[in-house]
Participant: 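Encoded as structure tokens, here's the structure I'll be asking about.
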Amino acid sequence: MSTYTETIGEKLNDLLEKTYDAEKGYKKAAENTEHPLLKPYFERRSKERTDFKQAIKSEIKQFGQNPETEGSLTGKVHRTWMDTKALFAADKAEAMLEESIRGEKSAVAEYKELLNDTQLPPSTAIMLKDQMNRIAYDLSTIKTLENLS
């Protein structure tokens, strides 16, 4: 039988931190572009990460642990890097898309790693698979947008 352990709680909190970072990163990307396709795309991704964040927090609380309340220092540094790169890039839209693709690939890998934990309770595994599949789908959308920009 699958059980919720402190280790799983720590892994979910790590994922939660990264979800905060992605939410803020997409919000920042939306603020940094006026591209008619990218701005709403980034806004939707930020909202999606807000929803992911709430689901992860609920799952952590359901098993009696305290969820993280903000993103990581690494995420803050990355957003600053995105701002700097966008400022100096000849094609800001392309630079932001490249960062989005990199981030989404990393997110899918992290979800896969967490899903490989055989001790995940069914509710946690279902939630994580759903989120990972949505991110993977978003990754294919980003690649399509890259061709349009």
Side-chain angles (χ1 to χ4, degrees), residues 4 7-63 65-117 120-121 123-149:
Y4 190 90
T7 301
I8 292 171
E10 289 172 8
K11 289 179 181 181
L12 284 177
N13 264 313
D14 287 345
L15 182 62
L16 180 59
E17 267 189 358
K18 291 171 184 162
T19 303
Y20 277 110
D21 292 340
E23 173 192 34
K24 291 173 186 175
Y26 276 124
K27 184 176 180 181
K28 181 66 76 174
E31 292 169 359
N32 284 336
T33 188
E34 292 303 322
H35 191 284
L37 296 174
L38 293 181
K39 188 171 194 74
Y41 175 82
F42 290 142
E43 289 170 342
R44 283 192 307 274
R45 295 295 67 85
S46 180
K47 168 69 171 96
E48 178 182 67
R49 290 316 196 281
T50 299
D51 295 343
F52 286 5
K53 178 180 72 178
Q54 295 306 323
I56 296 168
K57 284 170 68 172
S58 292
E59 192 72 11
I60 292 169
K61 287 178 183 178
Q62 178 181 331
F63 291 100
Q65 292 191 348
N66 295 322
E68 293 292 328
T69 58
E70 59 184 81
S72 66
L73 177 60
T74 304
K76 186 174 182 176
V77 169
H78 180 72
R79 286 188 299 280
T80 301
W81 166 244
M82 282 181 66
D83 284 345
T84 304
K85 189 173 181 180
L87 180 64
F88 293 108
D91 186 347
K92 291 180 185 182
E94 185 176 340
M96 287 188 285
L97 279 172
E98 287 172 4
E99 287 301 312
S100 295
I101 290 169
R102 189 191 63 70
E104 294 295 63
K105 285 180 179 178
S106 176
V108 168
E110 290 174 43
Y111 273 87
K112 283 181 180 179
E113 182 180 327
L114 190 49
L115 283 164
N116 284 332
D117 190 325
L120 290 176
S123 63
T124 304
I126 290 167
M127 176 200 62
L128 293 174
K129 282 179 190 174
D130 176 61
Q131 290 182 1
M132 182 187 71
N133 289 338
R134 290 170 64 185
I135 293 169
Y137 177 78
D138 292 345
L139 183 57
S140 66
T141 304
I142 289 174
K143 290 178 180 179
T144 301
L145 287 173
E146 187 175 39
N147 294 333
L148 299 175
S149 66

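Here the structure is a predicted model, which means the values were calculated and not measured.
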Participant: If you round to the nearest 0.5 Å, how far is CD of Gln131 from CD1 of Ile56?
Facilitator: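 Ile56 atom CD1 to Gln131 atom CD measures 4.5 Å (nearest 0.5 Å).
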Participant: Under 3.5 Å, side chain of Asp117 to main-chain N/O of Glu113, donor-acceptor pair present?
Facilitator: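 Flag not set: sc Asp117 to bb Glu113 has no pair under 3.5 Å.
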Participant: Quick check: do Arg102 and Glu99 have side-chain heavy atoms less than 4.5 Å from each other?
Facilitator: yes
Participant: Pair Gln62, Ser58 - check side chain to side chain donor-acceptor pair (under 3.5 Å), show working.
Facilitator: CA-CA 6 Å; Gln62 178 181 331; Ser58 292; over 6 Å; no
Participant: Counting distance only, does the side-chain N/O of Tyr20 pair as donor-acceptor with the main-chain N or O of Glu68 below 3.5 Å?
Facilitator: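 Confirmed, Tyr20 side chain pairs with Glu68 backbone.
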Participant: With no hydrogens and no angle check, is any side-chain donor or acceptor of Ser46 less than 3.5 Å from a backbone partner on Phe42?
Facilitator: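 Side chain of Ser46 to backbone of Phe42: no pair is present.
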Participant: Can you see which heavy atom on Thr33 is nearest to which on His35, and at what distance?
Facilitator: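 Looks like OG1-N, 3.0 Å.
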Participant: Which atom pair, heavy atoms only, marks the closest approach of Glu43 to Ala30?
Facilitator: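 Heavy-atom minimum between the residues: CG-CB, 3.6 Å.
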Participant: Looking at Asp130 and Arg134, does any basic side-chain N land under 4.0 Å from a carboxylate oxygen?
Facilitator: yes
Participant: Working to the nearest 0.5 Å, report the span between CD of Glu48 and OG1 of Thr19.
Facilitator: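 Nearest 0.5 Å value for the CD-OG1 distance: 10.0 Å.
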Participant: So Ile8 and Phe63, side chain to side chain contact (heavy atoms under 4.5 Å, CB included) or not? Walk me through it.
Facilitator: CA-CA 10 Å; Ile8 292 171; Phe63 291 100; over 6 Å; no
Participant: What's the separation between atom CZ in Arg45 and atom OH in Tyr26, rounded to the nearest 0.5 Å?
Facilitator: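 Rounded to the nearest 0.5 Å, the CZ-OH separation comes out at 7.0 Å.
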Participant: Tell me whether Glu59 contacts the main-chain N or O of Thr124 through its side chain, where contact means a donor paired with an acceptor under 3.5 Å.
Facilitator: yes
Participant: Return yes if a side-chain donor-acceptor contact under 3.5 Å exists between Thr50 and Gln54, otherwise no.
Facilitator: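 Side-chain D/A pair, Thr50 to Gln54: absent.
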Participant: Just wondering, do Leu15 and Tyr111 contact through their side chains at under 4.5 Å, heavy atoms?
Facilitator: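 A side-chain contact exists here, since the closest heavy-atom pair is under 4.5 Å.
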Participant: Could you check Arg49, Lys53, Lys18 and say which one makes a side chain to side chain donor-acceptor pair (under 3.5 Å) with Glu23?
Facilitator: Lys53
Participant: Distance from Leu120 atom CG to Leu128 atom CG, nearest 0.5 Å?
Facilitator: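 Between atom CG of Leu120 and atom CG of Leu128 there are 6.5 Å.
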Participant: Rounded to the nearest 0.5 Å, how far apart are NZ of Lys39 and CG of Asn32?
Facilitator: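 Those atoms lie 8.5 Å apart.
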Participant: Applying side chain to side chain contact (heavy atoms under 4.5 Å, CB included) to Leu114 and Leu12, what does each step give before you reach the verdict?
Facilitator: CA-CA 8 Å; Leu114 190 49; Leu12 284 177; 3.8 Å; yes
Participant: Measure the spacing between OG of Ser140 and CD1 of Ile101 and express it to the nearest 0.5 Å.
Facilitator: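 Rounded to the nearest 0.5 Å, the OG-CD1 separation comes out at 10.5 Å.
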Participant: How close do Pro67 and Leu16 get, counting heavy atoms only, and between which atoms?
Facilitator: CB-CD2, 3.7 Å
